[in-house]
Visitor: 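Handing you this structure, nothing more for now.
We number each residue from 1, following the sequence as shown. Every number for a ligand or one of its atoms is a count from 1 in the order of the listing. Every heavy atom of this structure was used, including side-chain atoms; hydrogens, water molecules and symmetry mates were not.
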Amino acid sequence: MRINTYISKQELAKEFTKWLAEYIIATSEQLHIALSGGSTPKMIFEALAEEYLDKIDWSLVQFYWGDERCVPPTDEDSNYGMTAELLLSKIPIPPKNINRIRGEDHPVTEAGRYGNLLEDKLSLADKIPRFDLVILGMGDDGHTASIFPHEIPLWESEDNCVVAEHPVSGQKRISISGKVINNAKTVVFLVSGAGKSAKVREILKCEGEYLDYPATLVAPTSGNLIWFLDKDAAQEL
Ligand code: 6PG
């Protein structure tokens with residue numbers, strides 16, 4: 001595990017964008033990348049579109065989502081919709097390289113479809129779809145992707161994708177499961193803000209109720225786990 005700490009959310013975004021671009025540029029094969037939703041990635045998507053528009057061979061990048069809200073792609077809550085607005089609409093990426101979760105469809109049906117799609121498009125390791133890179137955020141409650149503490153057993157699902165529910169809004173979500181996340185070649189956590197500092201400390205120091213947080217369970221078998229933190233999120237370390 002590596003922990004990179006940056007002076008600000010802006011610096012975190014700048015450095016992670018550079019890291020991601022160099023990671024993509026360094027490869028000559030198709031890269032299968034699962035994106036996270038929420039607000040943290042927004043600056044990264046904007047920076048990728050602005051600074052790496054013509055520096056990356058986007059035909060080599062296959063985008064997926066680690067989770068999606070069960071809303072239409074045009075909904076302001078849609079992770080795909082946010083990514084399309086800030087990144088996908090601005091880069092020459094072939095439509096077939098965009099593997100969105102269909103939030104508008106029936107959650108159980110779509111979780112099954114997406115789980116099958118991962119098996120069809122990704123290489124398998126131990127019969128489990130293997131992403132090259134999974135990018136994750138972490139909520140103030142220690143959730144990651146869309147697996148929340150109140151539904152932590154979903155992490156252990158035998159399925160590649162699960163249907164989850166936001167603990168406050170009740171909004172249905174579709175999320176990749178723990179076995180897919182931990183099968184990735186590399187997993188990156190992007191975490192910013194003081195609101196997350198207590199959970200970051202508990203998880204990284206194995207303190208308090210850390211075992212109750214899905215983010216604690218992120219432990220790729222490859223050993224390649226990198227935390228990108230801003231100073232506020234890392235202030236209790
Ligand atoms: C989502 C995410 C979720 C997110 C965290 C952090 O769909 O909301 O995938 O896991 O990464 O909630 O969100 P922020 O980046 O907004 O803090």
Visitor: Enumerate the atoms of ligand 1 whose separation from the nearest heavy atom of Lys196 is less than 4.0 angstrom.
Guide: 6 (C), 14 (P), 17 (O)

Visitor: Passes ring pair (Phe, Tyr, Trp, His ring centres under 6.0 Å), Phe228 versus Phe189? Steps please.
Guide: CA-CA 6 Å; Phe228 282 74; Phe189 260 122; over 10 Å; no

Visitor: Between ligand 1 and Gly37, is the shortest N or O to N or O distance under 3.5 Å?
Guide: yes

Visitor: Does one hydrophobic cluster hold both Val71 and Leu35, with members joined at side-chain heavy-atom distances below 4.5 Å?
Guide: no

Visitor: Under 4.0 Å, heavy atoms only, figure out whether ligand 1 is touched by the backbone of Asn79, its side chain, both or neither.
Guide: side chain

Visitor: For ligand 1, which atoms sit closer than 4.0 Å to a heavy atom of Ala145?
Guide: 2 (C), 3 (C), 9 (O), 10 (O)

Visitor: If the cut-off is 4.0 Å to any non-hydrogen atom of Met138, which atoms of ligand 1 fall inside it?
Guide: 5 (C), 6 (C)

Visitor: Gly137 heavy atoms, cut-off 4.0 Å: which ligand 1 atoms fall inside?
Guide: 11 (O)

Visitor: If you measure every N/O of Ser36 against every N/O of ligand 1, is any gap under 3.5 Å?
Guide: no

Visitor: Say whether Tyr213 and Phe148 are linked into one hydrophobic cluster, either directly or through other cluster members, by side-chain heavy-atom distances under 4.5 angstrom.
Guide: no

Visitor: Tell me whether Thr40 has any N or O atom under 3.5 angstrom from an N or O of ligand 1.
Guide: yes

Visitor: Where does the angle between the aromatic ring planes of Phe63 and Trp58 fall among parallel (under 30°), tilted (30 to 60°) and perpendicular (over 60°)?
Guide: tilted

Visitor: Between ligand 1 and His143, is the shortest N or O to N or O distance under 3.5 Å?
Guide: yes

Visitor: What's the shortest distance from atom 9 (O) of ligand 1 to any protein heavy atom, and which residue and atom give it?
Guide: Asp67 OD1, 2.8 Å

Visitor: Under a 4.5 Å side-chain heavy-atom rule over Ile, Leu, Val, Met, Phe, Trp and Tyr, are Val191 and Ile3 clustered together?
Guide: yes

Visitor: Check the surroundings of atom CG in Asp126: do more than 12 heavy atoms from other residues, nucleotides or ligands lie under 6.0 Å from it?
Guide: no

Visitor: Can Arg69 be said to touch ligand 1, with heavy atoms closer than 4.0 Å?
Guide: yes

Visitor: Would you please test Ser146 and Asp67 for side chain to side chain donor-acceptor pair (under 3.5 Å) and show each step?
Guide: CA-CA 6 Å; Ser146 276; Asp67 66 322; 2.6 Å; yes

Visitor: Please could you name the atoms of ligand 1 that Arg173 approaches to less than 4.0 Å, counting only its heavy atoms?
Guide: 1 (C), 7 (O), 8 (O)

Visitor: Quick one: nearest non-hydrogen protein atom to atom 13 (O) of ligand 1, plus distance?
Guide: Gly38 CA, 4.0 Å

Visitor: When you check the gap from the basic side-chain N to the acidic O, do Lys9 and Asp230 get nearer than 4.0 Å?
Guide: no

Visitor: Give a yes or no on whether a salt bridge exists between Glu207 and Arg201, defined as a side-chain N under 4.0 angstrom from a carboxylate O.
Guide: yes

